[in-house]
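All remarks here apply to the structure that follows.
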Amino acid sequence: SLSSAVIITLLLFLIYKRRKLTECRYDLFLKNVDLPQKEESIGNSASHVPPEESENDSRCLAETFDKVKDFLSHRPEVFDPAFSIDMMSELSGIPIRIISRAINRYAGKNFSLFVGDYRIREACRILIEADPDGRPTIEAVAEKVGYRSRSHFSRTFKAVTGLTTTEFIRQPQTGSSVSPRR
């Protein structure tokens, strides 16, 4: 009976700790929801410049990265399921390899992952701002931000936020909000 009480107490403690960790991850996500994770590293990028890359090339990549972020923040095409680096290059006039190099350099990820971050931030904004009684379905949110399948959206959502969509929706809203992307 004593061992049962200890086991139950331990299980309750573990459940409590998991809930607190999830809340902490959610709060951290909300604080950073408007900023791609490594954007702020641009100012310190000189230490990461490969020796064969000139200062002019580095400046050009930083400017390109700023243009890419601006494009993704203000263009509805980002939420088209067919949106690709080819489409962005065509619409922005920036060569594909330059877009790719800038994102790899300053975000530390590839184009698809970087666009996925923008799409998931928009999905979070929609979910946070939705009236709980009239909240759109996960399928509707996924479609609105450019995902054809709920499963792909859910995997990406979990990878970006650390939470499932259900966990995210159930989190208490702390008054933080996500600024609109468009």
Side-chain angles (χ1 to χ4, degrees), residues 7-42 65-66 68-85 88 99-100 102-182:
I7 291 172
I8 290 171
T9 304
L10 181 60
L11 286 173
L12 290 173
F13 175 75
L14 291 173
I15 291 168
Y16 170 79
K17 283 303 216 179
R18 183 167 190 256
R19 179 172 287 149
K20 287 308 227 182
L21 178 62
T22 300
E23 288 173 6
C24 180
R25 289 175 82 182
Y26 175 78
D27 288 342
L28 286 172
F29 175 76
L30 283 180
K31 288 178 184 171
N32 294 314
V33 79
D34 290 329
L35 299 173
Q37 290 182 337
K38 296 187 180 179
E39 280 182 14
E40 62 276 343
S41 66
I42 290 178
F65 187 64
D66 288 340
V68 166
K69 290 185 304 182
D70 186 60
F71 182 96
L72 294 176
S73 295
H74 297 97
R75 298 292 294 261
E77 293 89 350
V78 172
F79 304 112
D80 178 343
F83 184 71
S84 65
I85 195 167
M88 181 173 182
I99 293 170
S100 181
I103 291 172
N104 286 331
R105 164 63 101 56
Y106 293 109
K109 53 186 74 173
N110 67 33
F111 178 82
S112 295
L113 292 174
F114 193 66
V115 169
D117 286 354
Y118 272 84
R119 289 175 170 177
I120 296 303
R121 276 196 289 292
E122 177 66 7
C124 290
R125 185 194 64 75
I126 292 167
L127 292 170
I128 288 170
E129 292 179 356
D131 175 17
D133 296 328
R135 181 175 286 124
T137 64
I138 299 304
E139 290 85 359
V141 173
E143 187 177 314
K144 184 172 179 109
V145 298
Y147 289 90
R148 289 188 176 109
S149 88
R150 178 185 173 149
S151 61
H152 183 220
F153 170 76
S154 295
R155 279 192 309 275
T156 306
F157 192 96
K158 172 86 174 180
V160 172
T161 66
L163 301 169
T164 65
T165 53
T166 303
E167 291 169 336
F168 185 85
I169 290 167
R170 288 184 180 158
Q171 292 293 317
Q173 300 304 313
T174 58
S176 300
S177 65
V178 180
S179 61
R181 290 314 224 165
R182 290 183 232 151

[Y] and [X], any side-chain heavy atoms less than 4.5 Å apart:
| X | Y | result |
| --- | --- | --- |
| F111 | M88 | yes |
| K109 | D117 | yes |
| T156 | R119 | no |
| I169 | I138 | yes |
| T161 | E167 | no |
| V145 | I120 | no |
| I99 | F114 | no |

Please round to the nearest 0.5 Å and tell me the distance separating atom [atom1] of [X] and atom [atom2] of [Y].
| X | Y | atom1 | atom2 | value |
| --- | --- | --- | --- | --- |
| F153 | Y147 | CZ | OH | 7.5 Å |
| F79 | L72 | CZ | CG | 8.5 Å |
| R155 | T164 | CZ | OG1 | 14.5 Å |
| D80 | R75 | CG | CZ | 12.0 Å |
| F157 | C124 | CZ | SG | 4.0 Å |
| E139 | S154 | CD | OG | 8.0 Å |

